[in-house]
Trainee: 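Input: one structure, supplied below.
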Amino acid sequence: MKIVVIGGTGLIGSKTVAILRQGGHEVVAASPNSGVNTITGEGVKEAVAGAQVVIDLANSPSFEDKAVLEFFETAGRNLLTAEAAAGVRHHIALSIVGIDRSDNGYFRAKIAQEKLIVASGIPYTIIRSTQFLEFLRAIADSSADGNVVRISPGLFQPIAADDVAASVAEVALAAPRNGIVEIAGPERAPFNEIVARYLKAVGDQRQIVRDPEARYYGGRVEERSLVPLGEARPGHIGLDGWLRRSKARA
Ligand SMILES: NC(=O)c1ccc[n+]([C@@H]2O[C@H](COP(=O)([O-])OP(=O)(O)OC[C@H]3O[C@@H](n4cnc5c(N)ncnc54)[C@H](OP(=O)(O)O)[C@@H]3O)[C@@H](O)[C@H]2O)c1
């Protein structure tokens, strides 16, 4: 089966490509560096020709509100138009748990991406994931003011990129759900506690402050804003296991 992974060189994309290739599938790892650009449209038609499945794992180079919205809208339109013309039978995209429960510019852009998929008429599965463990440092940095990192005590359930990629590959080989599936890590705990454990483990001296008013990229975080409300496919790798693996790889 021919499977195209848009953003196939990224964190989740490269892991997903490796799993699918191991399974013997013909996988195209598409990205601007390989001549496939969903913003300009360059190489998109050629990449999706003859593909049964397209997995969109691209991300915006800028997280600024307007830029990220433009990225997901333009890329989504260009890609879905090419897929419809090529007769693609399953479109998969990686979205985020809780994008309709907390409000920030990045979440609004992901909602726009999801709406385009639902309206496209192409059979689809949207995978909503919680935050990646690999993203913890960026979260701490974005919440820092000097040596103080303010984080909400709302619940948090991060997932390792390896677990995300395993789920994405599994969904790609299954029938389209024409709906949303959710995935999350094996541990659920207050956001501030998980970030504090992470910073301590990596020797980051910054002080974590539990602050119910602390925003997540501008959005309020209530107790259940960022965790699945219903059933979610659980990952296997928790924070401690992930830290051990990361140290072993370093
Ligand atoms: N971070 C989180 O916690 C989280 C949680 C849930 C869902 N997600 C979603 O997961 C997805 C993947 O994230 P990631 O962290 O794996 O991304 P990433 O590592 O930043 O990789 C982004 C990929 O997108 C490609 N790309 C950028 N511009 C492109 C364009 N114009 N056309 C085609 N490809 C383009 C990049 O190609 P180059 O290598 O050539 O630049 C790269 O392969 C995103 O959609 C994100 O919203 C993230």
Side-chain angles (χ1 to χ4, degrees), residues 4-19 27-48 54-63 67-80 82-83 91-100 102 104-114 116-117 126-142 156-165 167-169 171 180-185 191 194-195 198 216-217 219 225-228 232-233 235 242:
V4 177
V5 181
I6 303 289
T9 54
L11 173 66
I12 307 300
S14 54
K15 291 175 186 290
T16 304
V17 165
I19 294 169
V27 185
V28 177
S31 76
N33 281 331
S34 66
V36 183
N37 189 322
T38 49
I39 295 299
T40 62
E42 181 201 353
V44 175
K45 189 175 154 202
E46 295 78 2
V48 302
V54 174
I55 310 174
D56 186 2
L57 299 173
N59 207 355
S60 171
S62 164
F63 286 12
V68 74
L69 181 64
E70 264 173 33
F71 179 89
F72 281 111
E73 286 191 333
T74 308
R77 280 199 193 96
N78 287 339
L79 184 57
L80 292 163
E83 286 180 39
H91 176 93
I92 293 136
L94 188 56
S95 190
I96 308 175
V97 166
I99 51 175
D100 40 10
S102 182
N104 66 46
Y106 193 84
F107 283 12
R108 285 195 290 277
K110 296 298 284 185
I111 286 176
Q113 179 189 24
E114 288 191 359
L116 288 169
I117 294 166
I126 291 168
I127 304 168
R128 284 191 180 174
S129 169
T130 53
Q131 285 65 37
F132 309 152
L133 284 161
E134 285 76 1
F135 199 45
L136 281 175
R137 179 178 295 280
I139 289 172
D141 291 348
S142 76
F156 197 58
Q157 198 172 343
I159 184 168
D162 283 325
D163 278 336
V164 176
S167 282
V168 173
V171 165
I180 295 170
V181 295
E182 295 201 321
I183 59 174
F191 199 171
I194 290 186
V195 178
Y198 165 75
Y216 180 65
Y217 289 99
S225 298
L226 297 174
V227 292
R233 184 190 196 276
W242 176 78

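First listed ligand is number 1; within each ligand, the first listed atom is number 1. In what follows, every heavy atom counts, from backbone to side chain, and hydrogens, waters and symmetry copies are set aside.
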Trainee: Is the closest side-chain heavy-atom distance between Val181 and Arg233 below 4.5 Å?
Mentor: no
Trainee: Do Val195 and Leu136 make a side-chain contact, defined as non-hydrogen atoms from C-beta onward lying under 4.5 Å apart?
Mentor: yes
Trainee: Evaluate the side-chain proximity of Gln131 to Ile96: yes if any heavy-atom separation is below 4.5 Å, no if none is.
Mentor: yes
Trainee: Is the contact between Val36 and ligand 1 made by the side chain, the backbone, both, or neither, using heavy atoms and a 4.0 Å cut-off?
Mentor: backbone
Trainee: Students should be able to answer this: which protein heavy-atom is nearest to atom 20 (O) of ligand 1, and at what distance?
Mentor: Asn59 CB, 3.8 Å
Trainee: Is the shortest distance from atom 32 (N) of ligand 1 to a protein heavy atom below 4.0 Å?
Mentor: yes
Trainee: Starting from atom 25 (C) of ligand 1, which protein heavy atom do you reach first, and at what distance in Å?
Mentor: Gly7 CA, 3.8 Å
Trainee: Please state which part of Glu134 comes within less than 4.0 Å of ligand 1, counting heavy atoms only: side chain, backbone, both or neither.
Mentor: neither
Trainee: A side-chain contact here means heavy atoms from C-beta on lying under 4.5 Å apart; do Tyr198 and Ile139 qualify?
Mentor: no
Trainee: Relative to the heavy atoms of Asn33, which atoms of ligand 1 are at a distance of less than 4.0 Å?
Mentor: 40 (O)
Trainee: Against heavy atoms of Gln131, which atoms of ligand 1 measure under 4.0 Å?
Mentor: 3 (O)
Trainee: With sequence neighbours excluded, tell me which residues meet salt bridge (charged side-chain N to carboxylate O under 4.0 Å, His left out) with Glu114.
Mentor: Arg128
Trainee: Using the ring centroid of each side chain, check whether Tyr216 and Phe191 are separated by less than 6.0 Å.
Mentor: yes
Trainee: Is any side-chain heavy atom of Val54 closer than 4.5 Å to a side-chain heavy atom of Ile92?
Mentor: no
Trainee: Does Gln157 offer a backbone N or O that forms a donor-acceptor pair with the side chain of Thr130 under 3.5 Å?
Mentor: yes
Trainee: Hey, which atoms in ligand 1 end up nearer than 4.0 Å to a heavy atom of Ser129?
Mentor: 6 (C)
Trainee: To the nearest 0.5 Å, tell me how far Asn78 CG sits from Glu83 CD.
Mentor: 11.5 Å
Trainee: Can you check which of Phe72, Phe132, Phe71 brings a heavy atom nearest to atom 8 (N) of ligand 1?
Mentor: Phe132
Trainee: Pick from Thr38, Val5, Leu79: which one makes a side-chain contact (heavy atoms from CB on, under 4.5 Å) with Asp56?
Mentor: Leu79
Trainee: Evaluate the ring planes of Tyr217 and Phe135, with Trp represented by its six-membered ring, and classify them as parallel (under 30°), tilted (30 to 60°) or perpendicular (over 60°).
Mentor: parallel
Trainee: Distance under 4.0 Å to a non-hydrogen atom of Ser31: what atoms of ligand 1 satisfy this?
Mentor: 37 (O), 40 (O)
Trainee: Short list, please: which atoms of ligand 1 are under 4.0 Å from a heavy atom of Ile39?
Mentor: 31 (N)
Trainee: Select one of side chain, backbone, both or neither to describe which atoms of Ser95 lie under 4.0 Å from any atom of ligand 1, heavy atoms only.
Mentor: backbone
Trainee: Pull out every atom of ligand 1 sitting under 4.0 Å from any heavy atom of Asn37, numbered as shown with elements.
Mentor: 30 (C), 31 (N), 32 (N)
Trainee: My understanding is that we take every heavy atom of each candidate and find the minimum distance to atom 18 (P) of ligand 1. Doing that for Leu57, Thr9, Leu79, Leu11, which one comes out nearest?
Mentor: Leu11
Trainee: For Pro32, state whether at least one heavy atom is located under 4.0 Å from any atom of ligand 1.
Mentor: yes
Trainee: Starting from atom 47 (O) of ligand 1, what is the nearest protein heavy atom, named by residue and atom, and what distance separates them?
Mentor: Tyr106 OH, 2.5 Å
Trainee: Atoms of ligand 1 less than 4.0 Å from Ile12 heavy atoms?
Mentor: 16 (O)
Trainee: If you count the atoms of ligand 1 from 1 in the order shown, which ones are under 4.0 Å from a heavy atom of Gly10?
Mentor: 19 (O), 21 (O), 42 (C), 43 (O)
Trainee: Using side-chain heavy atoms (C-beta onward) and a distance below 4.5 Å, is Tyr106 in contact with Phe72?
Mentor: yes
Trainee: For atom 44 (C) of ligand 1, which protein heavy atom lies nearest, and how many Å away is it?
Mentor: Ala58 O, 3.4 Å
Trainee: Quick one: look at Thr130 and ligand 1, take heavy-atom pairs under 4.0 Å, and tell me if it's side chain, backbone, both or neither.
Mentor: backbone
Trainee: What protein heavy atom sits nearest atom 9 (C) of ligand 1, and how far away is it?
Mentor: Leu94 O, 3.8 Å
Trainee: Looking at CZ of Arg77 and CG of Leu116, how far apart are the two atoms once the value is rounded to the nearest 0.5 Å?
Mentor: 5.5 Å
